[in-house]
Amino acid sequence: FTVLLYSSTEKKPACPGLGLLYTLLASVFFSAAALLVKKIEGMHAIEISAIRCFFQMLFVMPAMIYYNTGFLGPRGMRIYLFFRGFLGSNAMILLYYAVLQMPLADATVIMFSNPVFTSLLAWIFLKERFTIWDVVFTMFTLTGVILIARPPFLFGGKLSGIEGDYTNHIKGTVAAFTGAIGAACTMVILRKIGKSVHYYLSVWYYAVLGLIECVIVLFILDEWTIPFCGWDRWTLMAIGLLGVAGQTFLTKALQIEKAGPVALMRTMDVVLAFILQFLFLNRKPTWWSLGGALCVISSTSGVAIRKWYNSTKNKS
């Protein structure tokens, strides 16, 4: 979800379309990680998040040493890095919780709505422009979330396509929606930081604070479990590696491609979620979910296209 934060450099890629290929690979890795989270049974979402943070920290550390970024960052930026790490890791935890409580595609769609909320928060905290188009995109996003959540007071008591009972479905919806807002807050903070802090340092705070928070909460909840099956242990390692790979390819994409095209390509996350859900979880999407996904994809694509157009217009 860091697509709209970094502008591309003026250097043209050696191979046209390479940045979009990197973005597609990032979407594949992120979607595969979410699918593996869904396949794990008997583990709390917070413990899965802790393992993801551990592996991310493990693989980012050598890069930080190589680039000599330090581990704390500039003194004036540490408070922003702290909140970036705290809010970003919470967004990840909430996403994993939502994936375990509701259909994979539905959780992905709601979480993917965060660029729309980024525009709203940037208007509040960074005094960026908030136009009538942003209002329209926000309404489309909220409509999409409502179509997926399908509250009984609007849709009646009998609902089809719900995974488990409706209480879990609502818990997942609230978690994904809150995670989307948390991810949007993270984007606003990263906009505030700008290029004064190396990207790997930002990821480091995300991993370290996320790991600390997860460990504390797990001790409080007494939810520590050790997977009985060796396959589950390999799956947990794969989730961590896929997360790191997704972040790496997304970063490389943003270094050689403009943010607008990258943001549009990230809509593949939603498409892949529906495909993986059908192929590996044997769950067909409902028309309500497809309608909600269409609303969210339309709004996030609209945000990306508008920002891309404005940046191109300003440069010309």
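Because only heavy atoms are used, hydrogens play no part in the values below, and waters and symmetry mates are left out as well, while side chains stay in.
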Does [X], at its [atom1] atom, have more than 12 non-hydrogen atoms belonging to other residues, nucleotides or ligands within less than 6.0 Å?
X      : atom1 : result
Phe140 : CZ    : no
Tyr80  : OH    : no
Phe274 : CZ    : yes
Phe71  : CZ    : yes

* Residues in side-chain hydrogen bond (donor to acceptor under 3.5 Å, both in side chains) with Ser299, at least two apart? ->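 With sequence neighbours excluded, Ser299 shows a side-chain hydrogen bond (donor to acceptor under 3.5 Å, both in side chains) to Thr141, given in chain and number order.
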
Counting C-beta onward and ignoring hydrogens, is there a side-chain heavy-atom pair between [X] and [Y] closer than 4.5 Å?
X      : Y      : value
Glu213 : Ser89  : yes
Leu120 : Trp123 : yes
Cys53  : Met92  : yes
Leu72  : Tyr205 : yes
Arg283 : Phe278 : no
Phe249 : Leu21  : no
Leu281 : Lys39  : yes
Val217 : Ile93  : no

* From CA spacing to verdict: side chain to side chain contact (heavy atoms under 4.5 Å, CB included), Ile40, Ile239 -> CA-CA 10 Å; Ile40 290 180; Ile239 291 171; 3.7 Å; yes

* Could you tell me whether Phe117 and Phe177 have their ring centroids closer than 6.0 angstrom? =>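 Yes, they do, as the ring centres are separated by less than 6.0 Å.
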
As an exercise, state the distance from [atom1] of [X] to [atom2] of [Y], rounded to the nearest 0.5 Å.
X      : Y      : atom1 : atom2 : answer
Ile275 : Leu104 : CD1   : CG    : 11.5 Å
Phe30  : Met111 : CZ    : CE    : 11.5 Å
Trp204 : Leu81  : CH2   : CG    : 13.0 Å
Thr173 : Ile110 : OG1   : CD1   : 4.5 Å
Cys185 : Phe83  : SG    : CZ    : 11.0 Å
Ile189 : Leu121 : CD1   : CG    : 10.0 Å

* To do: Check the pair Ile148 / Met102 against side chain to side chain contact (heavy atoms under 4.5 Å, CB included), numbers first and verdict last.
  => CA-CA 10 Å; Ile148 293 173; Met102 65 190 306; 4.1 Å; yes

Answer with yes or no whether the hydrophobic clustering places [X] together with [Y]; edges join I, L, V, M, F, W, Y residues whose side-chain heavy atoms lie under 4.5 Å apart.
X      : Y      : result
Tyr206 : Val60  : yes
Ile79  : Val203 : yes
Met43  : Phe219 : yes
Leu241 : Phe29  : yes
Ile146 : Val136 : no

* To do: Answer yes if the side chains of Ser27 and Asp269 hold a donor-acceptor pair under 3.5 Å, and no otherwise.
  =>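 Looking only at side-chain atoms, Asp269 and Ser27 do form a donor-acceptor pair, the distance falling under 3.5 Å.
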
* **Side-chain donor-acceptor contact under 3.5 Å, Thr186 with Arg84** => no

Distance-minimising heavy-atom pair for [X] and [Y]:
X      : Y      : value
Leu242 : Ala33  : CD1-N, 3.8 Å
Pro74  : Leu201 : CD-CD2, 4.4 Å
Val270 : Ala293 : CG1-CB, 4.2 Å
Ala45  : Tyr96  : CB-C, 3.8 Å
Ala50  : Leu211 : O-CD1, 3.4 Å
Leu36  : Ala238 : CD1-CB, 3.8 Å

* To do: Just jot down the ring pair (Phe, Tyr, Trp, His ring centres under 6.0 Å) partners of Phe82, sequence neighbours excluded, or say none.
  =>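 So Phe82 forms no ring pair (Phe, Tyr, Trp, His ring centres under 6.0 Å) with any residue.
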
* To do: Examine distances only and state if a side-chain atom of Gln277 and a backbone atom of Ala105 form a donor-acceptor pair shorter than 3.5 Å.
  =>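 Indeed, once roles are kept as given, a pair shorter than 3.5 Å links the two residues.
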
* Before giving the answer on side chain to side chain contact (heavy atoms under 4.5 Å, CB included), spell out for Thr286 and Leu290 the whole-Å C-alpha distance, their side-chain angles and the decisive distance to 0.1 Å. => CA-CA 6 Å; Thr286 65; Leu290 291 174; over 6 Å; no

* **Trace of the side chain to side chain contact (heavy atoms under 4.5 Å, CB included) decision for His169 with Asp106** => CA-CA 10 Å; His169 186 78; Asp106 290 356; 4.0 Å; yes

